[in-house]
Structure formats: structure tokens, C-alpha cells
2 protein chains.
Amino acid sequence: MKISELSRTTGVPVASIKYFRREGLLPAGRATAATLAEYGDEHVQRLRLIKALTTLGGLSIAATREVLTAVDRADSADGTLKAISYALPVPVAQAPAVDEDEEARAGAAAAADVAGLVAAMDWRIPATSPHVRGLTTALRELRRLDADYRPERLVAYAELARSIARLDLERAAAFEDAPSLAEQAVVVLALSGPMLELLRRLAQEDLVRRRTTFEDSEDVGADAPA
Amino acid sequence: MKISELSRTTGVPVASIKYFRREGLLPAGRATAATLAEYGDEHVQRLRLIKALTTLGGLSIAATREVLTAVDRADSADGTLKAISYALPVPVAQAPAVDEDEEARAGAAAAADVAGLVAAMDWRIPATSPHVRGLTTALRELRRLDADYRPERLVAYAELARSIARLDLERAAAFEDAPSLAEQAVVVLALSGPMLELLRRLAQEDLVRRRTTFEDSEDVGADAPA
DNA sequence: CGTAACTCGATACTGTCACTATCTAGCACT
DNA sequence: AGTGCTAGATAGTGACAGTATCGAGTTACG
């Protein structure tokens with residue numbers, strides 16, 4: 001398959017394919033001459049994966065490269081899962097410190113919250129996990145906003161998160177023996193998040209709608225404002 | 001409070017404060033002269049909210065403006081929730097069509113999946129909801145990747161999403177009568193997502209670790225102190 | 001064989017985003 | 001009166017994700 005055909009079958013412009021090659025997301029084609037290379041199904045598959053991770057998963061090119069590297073290094077099923085999980089970007093930007101003292105106090109309180117949660121859930125997770133750090137940052141900011149961060153609520157969310165994680169791993173396990181395990185695992189781990197977020201929004205929308213049946217019936221089943 | 005003080009108490013550079021003003025995220029100070037304005041606590045609060053939405057929530061400046069506009073227009077509690085819910089960006093980028101025929105077929109299949117899900121969940125949601133469109137896009141791409149998109153699994157996720165949404169609304173309801181309802185609602189709706197994602201990752205990490213107790217014990221429990 | 005169409009890899013350019021810096025004035029406090 | 005701060009406008013920056021162009025080589029068709 002020539003690059004133009006690869007472009008046609010995937011819908012990705014030739015220039016972008018070259019860009020992904022440069023960035024190391026896509027292996028080079030098998031060169032048949034100085035100015036000609038042959039691409040195969042694996043390139044089609046890889047391009048689809050790249051598209052999914054960037055457009056659906058919202059990953060940057062750099063993050064996508066990390067994830068794909070983990071995919072390519074994959075050996076054992078569980079090792080793959082862990083590698084991918086760590087390669088995925090943490091969805092909370094690390095804000096720099098604002099005020100020394102206040103920062104330290106709020107940070108310590110948030111860290112205690114997280115530690116308490118991890119203990120309550122009996123999670124065996126090192127304090128160095130990027131996700132722990134991300135959660136600590138998130139709680140620190142929520143605390144600053146006087147938002148509701150009480151441990152009981154956190155635990156309630158965490159329990160549900162655990163149920164979801166179980167579903168995720170069940171889904172990934174279904175591909176345990178497939179050669180495409182790593183790719184499927186990536187899809188599961190990276191794309192479940194956005195999907196779940198959508199489902200949560202839909203559920204919210206439904207619940208809110210049910211509470212407001214009388215005061216506005218304008219857009220149930222009908223239109224939406226531009 | 002002068003702009004320099006506002007900057008100091010919030011940790012946001014003066015230039016950024018001016019930028020947020022230009023972009024309409026922050027109301028102007030009360031002008032006391034042609035080149036002097038007075039800022040108050042509401043500006044501090046608003047800046048905190050902006051920071052939270054952009055860094056934690058990952059919202060763009062434009063999206064943040066939408067959300068804040070909804071906050072400012074807020075009247076009834078439920079109306080606010082709905083407005084904010086719709087102002088939040090949908091976490092799935094709308095990919096343009098690749099192939100006419102194939103696109104139409106896959107799109108129709110995905111749309112059917114979503115319709116089935118909405119029916120199964122008894123959700124009262126118009127088909128024009130941005131979230132419905134986003135979910136349709138997501139399923140279309142997952143389908144293209146031969147991922148697991150079976151209705152049973154979707155329903156399982158959706159049930160959990162509903163439980164989470166209930167927690168969200170409970171949290172928001174706690175502020176029903178507070179003057180800061182809209183702001184708290186924003187925090188709940190916009191920032192629960194990233195937090196939940198973090199919790200899900202932690203739960204995944206824990207589950208994976210428990211399945212691999214023997215092959216790597218390097219980082220269970222003990223860890224390098226920062 | 002000739003040539004038009006295609007390809008490779010390198011380099012340069014473009015548009016968007018979120019700031020950040022600079023500039024011209026005009027106060028305001030001492 | 002002078003120093004320091006301010007407002008608002010405009011311009012510049014750096015990162016990101018492509019997109020476009022170019023020179024040189026290749027190849028399929030007539």
C-alpha cells in the first residue's frame with residue numbers, strides 16, 4: 001500500500017501521516033526504494049488508534065506517543081495494563097504554589113484526605129502514584145473553593161469508581177489471549193473515561209429534567225438552542 | 001483593593017487578570033477614576049473559580065466564559081444546573097466524516113446503540129442533546145476499533161453513571177438555598193469529572209496490582225519519600 | 001525512452017491558544 | 001513636583017498540531 005492509499009483508506013491526510021511518523025507515533029513503511037515505501041494493515045490499525053486516542057481520548061501527541069510506546073513494549077497482560085495506566089496523562093494540571101504557608105497547610109490537609117481515602121478503600125497504592133498526586137491537587141483546590149470534600153462523600157464516589165474499574169478490567173480481560181490485547185486495553189483504559197463522563201452528564205441531565213417537569217417542558221424531545 | 005493586591009492575594013499575575021477581563025471572564029472593577037479601579041471579594045472568588053475551571057476542569061477560556069455566563073444568569077436552582085450542564089464542553093471531539101457510505105452505516109449503528117441505551121435507562125433526554133451526539137460519536141469510533149460496545153456493558157456503565165449523577169445532585173442540593181448555589185453547582189458539575197477519573201484510575205491500579213502480587217512486589221506499600 | 005505522477009525526507013510555514021510585555025496616558029499620595 | 005501605580009490598547013511569545021513546499025529520486029504508462 002502506498003502512502004496515498006493509506007491516506008485514502010484512513011481519511012488521514014498524507015501530510016499528517018508524515019507528521020505522525022516524524023513524531024514517532026507510526027512506524028515507517030517498508031522501504032522498497034529511496035523514495036518509496038510499502039504500508040500494511042498494521043499502519044491502518046495504528047492510525048485508527050492514534051485518531052481514537054487524540055480525538056476521543058483527548059490525548060496530546062506526546063501523550064499518545066507514551067501510550068503507544070507502552071503498547072509496543074507490552075508483554076504480560078497485567079504489565080501492559082499498568083504501563084498504559086501510567087502512560088496516560090493525569091487529568092488534573094499541577095498548579096504552582098500561590099502562597100507558601102497557606103499552600104503548605106491546604107496541601108497537608110488534602111494529602112491527609114487522600115491517605116484516609118486510600119486506607120478506607122484498602123487500596124494498595126504507593127503514595128508516589130501520579131494519580132495520588134493528582135487527586136491531592138484536586139482536593140486542595142476544592143478545599144480552597146469551600147466545596148464539599150467530606151470523606152464520606154469521597155468514599156461513596158470511590159466505591160462507584162471501583163465498580164467501574166471492575167467493569168473496565170472485565171472488558172480488558174476479554175482480550176486476554178488476543179494478540180491485540182494491548183490495543184484493546186488502551187481503548188478500554190483511555191476511552192472509557194470520556195464515555196463515562198458522557199454517560200454521567202446524560203444521567204445528570206435526566207435527573208435534573210425529572211425534577212423540573214412542570215416549569216419548563218420546552219425542550220423535552222424537541223429542539224436545542226444554537 | 002487595587003489590581004496589584006488582587007493579584008497578590010490570588011496569585012494570578014496582573015497581566016492575566018487583565019486578560020480575563022478582556023475575555024469577559026471577570027467583571028471590571030468599580031472605576032474610581034480614569035485609571036484606577038477598586039476590586040472586591042467577588043473578584044477574588046471569581047478568580048479562584050476561573051482557576052479551578054481551567055486547571056482542574058481543563059476548560060478552555062471560551063468554555064469557561066460560557067459556564068460563567070450561565071452562572072451569572074442563574075435564577076432557579078434547577079435552571080442553573082441545566083444551563084451549566086449544557087455550557088460545559090462535551091469531552092469528545094467531533095471528528096469529520098472519513099468515508100461517506102461507511103460513515104453513514106457506522107453512524108446509524110451507533111445512533112441505534114445510543115437510542116437503545118436511552119430507552120433501556122428510561123432517560124428523558126432529547127436526541128438533540130450535545131451529550132447524545134458526543135456519545136454517538138464515541139461509539140462510532142469504538143465500533144471502528146472493534147472495541148467492546150455491547151449494550152449490556154453500556155447499560156452497566158450507565159447504571160453506575162446514574163449512581164454518580166445522584167451523588168452529584170445530592171451534593172449540589174446541599175447548597176440549594178445558598179447564594180453561592182451557582183458557583184457550588186459549577187464546582188460539582190465541572191470538577192467531579194476529573195476527580196472521578198482519578199478515582200477510577202486509582203481503583204484500576206489497585207485491582208491490577210492485586211492480580212500481580214507475585215511478579216512484582218517492588219512498589220506495593222513502601223515507597224521513596226519525596 | 002520519455003514524461004507525468006507519485007514518493008521520500010527535510011524544512012518552513014500557518015493558525016490557534018493562553019498568556020505576557022510594552023506603551024500611552026492619567027491619577028494619587030507625599 | 002515627582003515617583004509609583006493604574007487603565008486600556010496593542011503587540012509579542014511559546015507551545016502545539018498540523019500543513020505546505022521543495023529537491024531529488026522512482027515508476028508506471030504510452
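In what follows, chains carry the letters A, B, and so on, assigned in the order in which the sequence lines appear, proteins first and then strands, with residues in each chain numbered from 1. Hydrogens, waters and symmetry mates are skipped; everything else that's a heavy atom, side chains included, is used.
A donor-acceptor pair is defined here as one N or O able to donate and one able to accept, closer than 3.5 Å; no such pair exists between the side chain of B/S7 and the backbone of B/I3. For the pair B/S129 (side chain) and B/P126 (backbone), a donor-acceptor distance under 3.5 Å is absent.
A heavy-atom distance below 4.5 Å is not found between the side chains of A/I50 and A/I61.
Straight-line distance from the CD1 atom of B/I17 to the C1' atom of D/dA7: 13 Å, rounded to whole Å. Going from atom CZ of B/R8 over to atom C1' of D/dT6 covers 14 Å, rounded to whole Å. The distance from atom CD of B/E23 to atom C1' of D/dG8 is 14 Å, rounded to the nearest whole Å. For the pair A/F20 CZ and D/dG18 C1', the computed distance is 8 Å after rounding to whole Å. As a whole-Å value, the separation of B/L26 CG from D/dA7 P is 11 Å. The interatomic distance linking A/L59 (CG) with D/dA17 (P) rounds to 10 Å, in whole Å.
With a cutoff of under 4.0 Å to any heavy atom of chain B, the contacted region of DNA chain C is bounded 5' to 3' by C/dA18 to C/dA28.
A 6.0 Å sphere centred on CZ of A/R73 holds no more than 12 heavy atoms belonging to other residues, nucleotides or ligands.
The residue B/A37 sits close only to the backbone: its heavy atoms come under 4.0 Å of sugar-phosphate atoms, none of a base.
A/D41 is linked by a salt bridge (Lys or Arg N to Asp or Glu O under 4.0 Å) to nothing, counting only residues two or more places apart in sequence or in another chain.
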Indicate every side-chain donor-acceptor pair of residues 13-30 of chain A with a distance under 3.5 Å to a residue at least two apart or in another chain.
residue	atom	partner	partner atom	Å
A/E23	OE1	A/R65	NH1	3.2

Donor-acceptor pairs are to be reported for all side-chain atoms of residues 192-200 of chain A against protein atoms at under 3.5 Å, with residues two or more places apart or in another chain.
residue	atom	partner	partner atom	Å
A/S192	OG	A/D168	OD1	3.4
A/S192	OG	A/R171	NH2	2.4
A/S192	OG	A/V188	O	2.6
A/E197	OE1	A/R200	NE	3.4
A/E197	OE1	A/R200	NH2	3.3
A/E197	OE2	A/R200	NH2	3.1
A/E197	OE2	A/R201	NE	3.1
A/E197	OE2	A/R201	NH2	3.3
A/R200	NH1	B/D168	OD2	2.5
A/R200	NH2	B/L189	O	3.3

> Reading nucleotides 21-30 of chain D from the 5' end, what letters show protein touch, with B for base, S for backbone sugar-phosphate only, - for no heavy atom under 4.0 Å?
Replying inline: ----BSS---

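A sub-4.0 Å separation between OP1 or OP2 of D/dG12 and a side-chain N or O of B/Y19 is absent.
The residue among B/Y39 and A/P13 whose nearest nucleotide of DNA chain D is located toward the 5' end is B/Y39.
Using modelled atom types, one finds no donor on one side chain facing an acceptor on the other under 3.5 Å when comparing A/Y86 with A/E66.
The ring pair (Phe, Tyr, Trp, His ring centres under 6.0 Å) pairs that include a residue from residues 38-74 of chain B are B/Y39-B/H43, where partners are two or more places apart or lie in different chains.
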